Amino acid sequence: MIFDPPRSAPVLPIDEALPRLAEKLEETERVVLVAPPGAGKTTRVPLALLDARWRGDGKIVVLEPRRLAARAAAERMSTLMGDKLGETIGLKVRLQSLSGPKTRIEVVTEGVFARMILDDPSLEGVAAVLFDEFHERSLDADLGLALALDAQAALRPDLRLLVMSATLDGARVAKLMRDAPIVESQGRAFPVETVYLGRDPRERIEDAAARAVRRALAEQPGSLLVFLPGQGEILRLAARLEENLNDEAIDVCPLYGAMERAAQDRAIRPAAEGRRKIVLATSIAETSITIDGVRVVIDCGLVRAPRFEPDLGLTRLETLRVSRAAADQRRGRAGRTQPGLCYRLWEEAATGALPAFAQPEILAADLSGLLLDLAAWGARDPGELLWLDPPPAPACAEARALLQKLGALDAMSAITTRGKAMRRLPLPPRLARMALQAENFGAGERACELAVVLSERGLGGDSPDLAGRLERFARDNAPRARDGRRLAHGWAHALRSAARELDEKSAPIALSPGALIALAFPDRIARARGKRGDFLMANGRAASLEPSSPLAGAAMLAVAEVVGRAGASQIVAAAELAVDEFETLFGAEIVVRDETRFDAASGGLRRRETRRFGALTLAERNLPVEASLENAQMLARAAAAFGLDRLGWSKAQGQLRERVAFLRGAFSSEGDNPWPDLSEAGLAENPEEWLAPFILGRQKLDEIAAENFDAALAALIPWDLARRLEAEAPTHFVTPAGSAIALDYGGAEGPVLAVRVQELYGLAIHPSLAGGRAPLTLHLLSPAHRPIQITRDLPGFWKGSWAAVKAEMKGRYPRHVWPDDPAAAAPTTRAKPRGS
DNA sequence: CTCTCCCT
C-alpha cells in the first residue's frame with residue numbers, strides 16, 4: 001500500500017510521481033529521482049516508501065546536507081504521521097539524537113551517515129538510504145554514495161539506494177549507479193520576473209548593490225533579500241544603507257554563518273507589521289532557509305568559495321562568479337509564497353558564460369579526512385571506489401603525505417593504530433592528532449576547547465590571537481559558546497578512550513595554546529624576521545601580522561590559519577610559542593648541521609653550525625675550520641673554480657709546467673705518453689687529487705703559496721720523469737762556448753733559444769729536444785742582441801744565408817770574429833782584443 | 001575582493 005497523505009496535507013507535484021517511484025524500487029535496488037524545488041520530495045518520498053515490501057522491518061535513512069534541513073524535514077514528517085519526533089521519525093545530527101524502538105525513518109546529516117556506514121559497512125537494520133539534495137555535491141554526500149555503492153555490491157545486494165536531485169543532470173548519477181532508472185517529477189513555484197541591471201566591473205559591489213536596493217525600494221513593495229559574497233561586503237553595505245535610509249520604516253538585517261543563532265532567527269523572521277525588511281545574506285540563504293514576505297531578490301552574482309592548494313597544504317578563499325544553478329536558486333527565493341522579482345547585477349548576455357553548476361566540493365577540498373576514512377574502509381586508493389568526480393590526484397598526494405607525517409598511515413598507505421585512534425574523534429586529522437598528543441601530555445580537555453575555537457568561526461571573537469580567543473570563549477555565555485563548550489566536552493570524552501587504547505602516555509606537562517597549535521600545524525611554526533610583524537614559517541612561506549598587533553612582537557608563533565596569496569599571506573589565527581616549549585616538544589626534530597663551505601666573498605673556507613627546523617634557522621655560529629682532507633678538497637675545488645693560474649705560482653713553477661706541456665705535446669702521437677697535463681684546464685679537472693693533499697690546513701685561496709705547488713708538482717712528476725725532464729726539456733741550453741742560456745718554452749712555436757750567433761760557432765748539427773723529436777727554434781742575435789735570423793735548420797743557415805749575414809756583421813762589428821766556415825770555427829763570446 | 005558554507 002502506498003502512503004496516503006492525511007487530509008490536512010496539500011497535494012504536492014511529487015504525489016503524482018510516487019507510484020512510479022515505488023514501482024521502480026520494487027524492481028531494482030538503485031533509482032534516481034529528479035524533482036525541482038517545491039515538488040515536496042523531502043517529506044513525501046520517505047513516507048511513501050514505508051509500506052514497501054522490500055523494507056521488511058528495516059529503517060529508511062534520509063540524508064540531508066544541513067542540520068537545519070534535517071531537523072525541519074524530521075519535524076514535518078512527524079507532524080504528518082501524527083506522532084512525536086523520536087517515535088516513528090528519528091533524527092540524528094551533531095549534538096542531537098532522537099530515535100526509539102518504533103523508529104522507521106531516520107533523518108541524518110550526510111556527515112553522520114558517512115560515520116554510520118564506516119562503522120558498520122553492512123548497514124545492519126537499514127533497508128534504504130535516500131540521498132536528498134544530492135545536487136549540492138558535498139564531500140560527505142559523494143563519500144557516502146561511493147561507500148554505499150561499494151557496500152551494496154559486496155555485502156548488501158538488497159539495500160535500496162535512492163538519489164534525489166533538483167537539477168536535470170540526473171543522467172550522470174544514473175550512469176554511475178550502474179544504469180539506474182530515472183524518475184522525474186514536476187516542481188512548483190510562483191513566477192519570478194528577472195531584471196538585469198549590469199555592473200561596472202570597476203565599481204565596488206556594495207555601491208552597485210546599494211543602488212539596486214534604492215531602486216527596488218522605490219519600485220516594489222515587500223521585503224528584499226540581497227545576496228553578497230561575504231561578511232565584509234554585508235557589513236559595509238549595512239552601514240551604508242543605515243546612513244541613507246534613517247527615516248524610513250525599514251530594518252536592515254545581516255545574515256551569515258558566523259552570527260549567533262538568535263540574530264540569524266531575527267533575520268529570517270517576517271517583517272513586523274507596517275515595516276519592510278532588507279536581508280543581506282551570503283549563500284547561506286540560498287537553500288534550507290525560507291524568509292517569509294520576500295518579494296524581491298537582488299543577486300550580485302558572486303560567491304566566495306574555499307579552494308585547497310595542495311602545494312601549500314592550506315585552504316584559501318576565492319571570490320567566483322555564481323553558477324547558473326545557484327543564480328536560479330537565488331532567484332527562486334523571491335517566488336516561494338507569491339510572484340516576485342529578481343534584480344541581477346550582470347548583463348543578460350553574460351548569463352550564458354556562467355558555469356552551469358558550482359564545482360563539487362571533492363574537486364577543491366582538503367582530502368586528508370576523506371583519505372583517512374577510505375583507509376579505514378580498506379581502500380588505500382580512491383580509485384577502488386566509484387565516484388561521480390574522482391578526488392584529484394594532487395590533493396590525494398598531499399593528503400596522503402600529511403597523514404603519513406601525522407603517523408595515521410604507514411608507508412604503504414594502510415591505516416595505523418594511531419590512525420584508527422584519530423578516527424574515533426570527530427575532528428579533521430591535524431586536530432585529531434593534536435588532541436591525542438595533548439591527551440598524552442595531560443592537556444586533552446584544553447586541546448578540545450582549542451579545536452572548537454579553530455573549527456567554529458567567530459567563537460571568542462576574531463582577533464588573530466588564539467590565546468585571547470580561547471579565554472573569551474571560556475567566559476562567553478552566548479548559546480553558541482555554550483554549545484561549543486558542550487561539544488569540546490564530548491570530544492574530550494571520546495579522546496580519553498581513544499588515547500587509552502593507543503597507550504602512548506608521556507610525562508604530563510603544561511601546554512600553552514601556542515604549543516597545542518604547533519602540535520597540529522608543525523609546518524606553520526614561525527619565527528620573527530626583518531620588520532615587526534614579518535614571520536617565516538617552517539614550510540618556507542612568509543606570513544605577516546599587523547605591526548600593531550600584540551602578537552607581532554613574539555619571537556616565535558604557532559600559526560593555525562593564514563589568508564591571502566602566497567606572496568602576501570596574512571596571519572588570521574596564531575598564538576605565541578615560547579622558545580623553551582618549542583625546544584621541549586620539537587627538540588628531536590631540530591636538525592643541527594655543522595657545515596663548512598667556501599665563501600666567495602672572503603675567498604676562504606667558513607665553518608658554521610646551524611640549528612634548523614624545516615626552513616627555520618634557529619641559531620648559527622662560526623667555528624674554526626678543521627684541517628681535514630675533505631676541507632682541503634673543498635678549497636682545492638674552489639681554487640680551480642677561481643682560476644688556478646691566478647694563484648701564487650713561482651716563475652720557475654710556471655716554466656716547469658711549460659716544459660712538461662712541451663714534452664706532452666712532443667710525445668702526443670706516441671701510444672704511451674707519460675707526461676701529465678699541467679695546463680690550467682687540465683689541472684682544474686682533478687684538484688682534489690693533486691692539490692688537496694698539499695694544502696691541508698690552508699683556509700684561504702691567498703694562503704696557497706709556491707711551496708704548496710712545489711710539493712704538488714713533485715708528486716705529479718715523480719723522480720724518473722723528473723730526470724727525463726732534465727734531459728729532454730732542460731731549463732738551459734749550454735752553447736759550444738760553454739754558457740748556459742735559458743730556454744723559453746712559453747711560445748706557440750715551441751722552445752726557443754735566443755743566442756748570439758757567435759756562441760754557436762762549431763755547431764754543425766741543429767740542436768733539438770725531446771730525444772731529437774723537436775728542433776729548437778733558434779733566434780740568432782748580433783753581438784748587440786739585435787735579431788739577425790730565425791731558423792730551425794742551423795747547418796742550412798751556415799751554408800746558405802750566412803755569407804750575406806757575415807758580410808753585414810763584419811761591416812758593423814769589425815772587431816768580432818766572422819769566420820767563413822762557422823760550423824768548424826771555435827765559438828766565442830768576446831770581440832778580438834784591440835790591436836791584434 | 002582583508003573570512004564562504006557545512007559537517008562527524
Side-chain angles (χ1 to χ4, degrees), chain A residues 63-70 92-97 108-119 133 136-144 201-208 227-237 255-259 264 281-289 300-308 314-322 326 358-359 361 364-366 369-370 372-373 376 422-429 431-432 451-452 454-458 461-464 487 490-491 494 544-546 560-565 568-573:
Chain A
L63 275 51
E64 295 294 334
R66 278 169 292 283
R67 271 179 280 165
L68 201 69
K92 203 180 214 173
V93 297
R94 184 166 87 169
L95 294 175
Q96 196 175 16
S97 175
V108 304
T109 43
E110 290 161 346
V112 169
F113 175 72
R115 228 354 93 119
M116 265 171 74
I117 190 168
L118 283 160
D119 289 346
E133 315 279 11
E136 292 194 14
R137 297 294 310 282
S138 75
L139 191 56
D140 282 329
D142 275 10
L143 172 63
R202 286 162 304 182
E203 190 182 22
R204 289 186 77 95
I205 298 164
E206 301 94 276
D207 294 330
F227 282 101
L228 294 162
Q231 183 180 333
E233 290 85 353
I234 287 174
L235 295 179
R236 285 196 295 269
L237 178 57
L255 176 59
Y256 49 85
M259 281 166 56
Q264 287 187 354
T282 60
S283 51
I284 190 173
E286 251 169 47
T287 52
S288 302
I289 298 170
C300 76
L302 296 172
V303 64
R304 201 159 282 139
R307 165 167 288 280
F308 180 67
L314 45 90
T315 301
R316 68 184 180 82
L317 289 171
E318 270 182 345
T319 307
L320 305 166
R321 287 179 308 165
V322 73
Q359 194 178 39
E361 194 181 359
D366 173 4
L370 180 97
L372 186 56
D373 284 342
M422 283 163 60
R423 280 200 64 254
R424 297 193 44 185
L425 304 170
L427 287 170
L431 296 185
V452 168
L454 282 176
S455 45
E456 302 291 300
R457 292 164 34 74
D462 54 5
S463 131
L487 205 57
W491 292 349
S544 61
L545 276 170
E546 280 294 315
E561 239 185 311
V562 293
V563 297
R565 262 166 266 284
S569 289
Q570 286 283 320
I571 295 169
V572 293

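Chain A is the first sequence line, chain B the second, and so forth, proteins listed ahead of strands; every chain is numbered from 1. The shown structure was predicted, so the numbers you read here are calculated from the model rather than taken from an experiment.
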Looking only at heavy atoms, the pair that brings Ala285(A) and Ala281(A) closest together is CB-CB, 3.7 Å
Nucleotide dC3(B), atom P - distance to CZ of Arg307(A) in whole Å: 18 Å
Looking across every strand, which nucleic acid part, if any, lies under 4.0 Å from Leu139(A) by heavy atom: base, sugar-phosphate, or nothing? nothing
Using a 4.0 Å heavy-atom cut-off, does Ser138(A) contact any base of the nucleic acid, only the sugar-phosphate backbone, or nothing at all? nothing
Does dC7(B) have its OP1 or OP2 closer than 4.0 Å to a side-chain nitrogen or oxygen of Ser455(A)? no
Mind checking Thr319(A) for me? I need base, sugar-phosphate or nothing, with any heavy atom below 4.0 Å counting as a touch. nothing
Leu372(A) CG - dT8(B) C1' separation (whole Å): 12 Å
What's the closest nucleotide to the Ile284(A) side chain, out of dC5(B), dT8(B), dC1(B)? dC5(B)
What heavy-atom pair brings Leu255(A) and Ile234(A) nearest, and what distance separates the two atoms? O-CD1, 4.0 Å
Mapping Leu302(A) and Tyr256(A) to their closest nucleotides on DNA chain B, which lands nearer the 5' end? Leu302(A)
What nucleotide among dT8(B), dC3(B), dC5(B) has an atom nearest to a side-chain atom of Val572(A)? dC3(B)
Contacts of Asp366(A) that satisfy salt bridge (charged side-chain N to carboxylate O under 4.0 Å, His left out) - sequence neighbours left out: none
Atom pair distance, as rounded to whole Å: CD in Glu136(A) and P in dC7(B): 11 Å
Ile205(A), nearest nucleotide to its side chain (from dT8(B), dC1(B), dC5(B)): dC1(B)
Just call it for Gln231(A): base, sugar-phosphate, or nothing, with non-hydrogen atoms closer than 4.0 Å on any strand. sugar-phosphate
Atom CG of Asp366(A) to atom P of dC7(B): distance rounded to whole Å? 18 Å
Would you classify Pro229(A) as touching base, sugar-phosphate or nothing, given that sugar-phosphate means primed atoms plus P, OP1 and OP2, and contacts are heavy atoms under 4.0 Å? sugar-phosphate
Starting from P on dC6(B), measure out to CZ on Phe308(A) and report it in whole angstrom. 22 Å
For Glu133(A) and dC5(B), what is the distance between atoms CD and P respectively, to the nearest whole Å? 18 Å
Please figure out whether Leu255(A) or Arg115(A) has its closest DNA chain B nucleotide nearer the 5' end. Leu255(A)
Is there a side-chain polar atom (N or O) of Arg204(A) under 4.0 Å from OP1 or OP2 of dC1(B)? yes
Qualifying residues under side chain to side chain donor-acceptor pair (under 3.5 Å), relative to Glu361(A), sequence neighbours excluded: none
Under 3.5 Å donor-acceptor, Ser283(A) side chain and Glu286(A) backbone: no
Which nucleotide in the list dT8(B), dC1(B), dC5(B) gets nearest to the side chain of Arg94(A)? dT8(B)
Heavy atoms from C-beta onward define the side chain here; which of dC7(B), dC1(B), dT8(B) lies closest to that of Glu233(A)? dC1(B)
Check whether any side-chain nitrogen or oxygen of Arg424(A) sits under 4.0 Å from OP1 or OP2 of dT8(B), and answer yes or no. no
Does the side chain of Arg66(A) get closer than 4.0 angstrom to OP1 or OP2 of dC7(B) through an N or O atom? no
Do other residues, nucleotides or ligands put more than 12 heavy atoms under 6.0 Å from the CD atom of Glu203(A)? yes
Counting the atoms with a prime plus P, OP1 and OP2 as sugar-phosphate, which does Glu318(A) contact under 4.0 Å by heavy atoms, base, sugar-phosphate, or nothing? nothing
Figure out the CG/C1' separation between Asp142(A) and dC6(B), and round it to whole Å. 14 Å
Report yes if at least one side-chain N or O of Thr282(A) is closer than 4.0 Å to OP1 or OP2 of dC5(B); otherwise report no. yes
Measure CE/Met259(A) against P/dC5(B) and give the value in whole Å, please. 10 Å
